[in-house]
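Positions are given from 1, in the same order as the sequence printed here.
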Amino acid sequence: MAMLLNQSQPPQGREGGGTQVGSLGPGVPVGQQQQQLGLQQQQQDFDPVQRYRMLIPQLKESLQNLMKIAAQNLVQNTNIDNGQKNADGLVQRFDKSLEEFYAICDQLELCLRLAYECLSQSYDSAKHSPTLVPTATKPDAVQTESLPYTQYLSMIKSQISCAKDIHNALLECSKKIMGKTPNTQGGL
């Protein structure tokens, strides 16, 4: 978590000093470069950590804007209270800036929750299937931690039977629930 908070630099290719069209390499057509940049953009959109890094500068800017508007409103209200100035001055709305700030905070929270969920799934995956199956193309590169294919098949079969048991239990539960509620199919 602390690592995520410390790495709040904007990703390359976004704001200034980064990848530009035409810089992916000599001899690569511009159309292909644009497709590659588009693909990189899509990959960044799906990565919660990259999205988090992109949102931090926006959050800082939104907070600065919020504080500036709050200060302007405070100065104007003080002047009105002292009778120095009337309410004709145009001042931005504080509630809109606050709403924008909270919207970015909500997006950051979602990114962090998604990153945490991805990490949890990765740990669970490593826990329940910790070893690899050696590939037939590289039998000489068999790792000491890898499972023989027969053991891998038995592990997968046990996982499938467990999933079927859970599915059947949920079906039975839903049938019991549907049996206890009155039949409302004709009403809709």
Side-chain angles (χ1 to χ4, degrees), residues 1-20 23-25 28 32-64 66 98-178 180:
M1 179 82 159
M3 187 173 108
L4 287 175
L5 294 175
N6 290 336
Q7 297 177 352
S8 62
Q9 297 298 322
Q12 292 294 333
R14 287 278 178 180
E15 299 171 7
T19 307
Q20 296 176 356
S23 65
L24 289 177
V28 178
Q32 188 178 4
Q33 290 176 359
Q34 289 174 344
Q35 288 176 347
Q36 289 175 352
L37 288 175
L39 182 61
Q40 289 173 354
Q41 173 66 32
Q42 288 175 349
Q43 289 172 346
Q44 288 177 353
D45 288 344
F46 291 124
D47 184 14
V49 175
Q50 289 296 327
R51 178 119 173 93
Y52 177 86
R53 288 179 182 168
M54 287 176 11
L55 287 172
I56 289 295
Q58 292 177 15
L59 181 69
K60 289 178 181 178
E61 182 181 324
S62 177
L63 182 61
Q64 289 173 350
L66 180 67
L98 187 61
E99 187 176 324
E100 177 187 342
F101 176 76
Y102 280 137
I104 296 173
C105 287
D106 290 342
Q107 290 178 21
L108 285 169
E109 180 183 7
L110 289 174
C111 288
L112 290 175
R113 285 185 184 192
L114 181 60
Y116 178 76
E117 187 65 30
C118 290
L119 185 63
S120 296
Q121 287 181 0
S122 174
Y123 284 148
D124 289 342
S125 176
K127 177 182 174 185
H128 297 295
S129 182
T131 55
L132 302 173
V133 177
T135 60
T137 59
K138 297 181 182 178
D140 56 332
V142 176
Q143 299 173 353
T144 58
E145 304 170 353
S146 63
L147 282 178
Y149 188 69
T150 54
Q151 288 181 352
Y152 178 75
L153 279 178
S154 66
M155 180 181 68
I156 295 299
K157 287 178 182 177
S158 69
Q159 290 176 349
I160 290 172
S161 67
C162 181
K164 284 181 180 178
D165 291 343
I166 292 171
H167 181 264
N168 291 336
L170 289 172
L171 282 177
E172 288 178 28
C173 184
S174 68
K175 287 178 183 177
K176 287 180 182 178
I177 290 173
M178 293 304 291
K180 291 182 180 179

Within 6.0 Å of CD in Glu99, more than 12 heavy atoms from elsewhere:
no

Going from CD on Glu100 to CG on Leu59, what distance comes out if it is rounded to the nearest 0.5 angstrom?
10.0 Å

Quiz: residues 156-169 side-chain donor-acceptor pairs under 3.5 angstrom, not counting sequence neighbours:
from, atom 1, to, atom 2, distance (Å)
Ser158, OG, Met155, O, 2.7
Ser161, OG, Lys157, O, 3.4
Ser161, OG, Ser158, O, 2.9
Asn168, ND2, Lys164, O, 3.3

Applying side chain to side chain contact (heavy atoms under 4.5 Å, CB included), name anything that partners Glu61, two or more places apart in sequence or on another chain.
none

SG/Cys118 to CG/Leu114 distance, rounded to the nearest 0.5 angstrom?
4.5 Å

Name each donor-acceptor pair under 3.5 Å that joins a side chain in residues 103-113 to protein atoms two or more places apart or in another chain, with its distance.
from, atom 1, to, atom 2, distance (Å)
Gln107, OE1, Arg51, NH2, 3.2
Glu109, OE2, Arg113, NE, 3.3
Glu109, OE2, Arg113, NH2, 2.7

Hey, what do you get for CD (Glu117) to CG (Leu119), rounding to the nearest 0.5 Å?
10.0 Å

Could you check whether any side-chain N or O of Ser62 sits under 3.5 Å from a backbone N or O of Gln58, counting only pairs where one atom can act as donor and the other as acceptor?
no

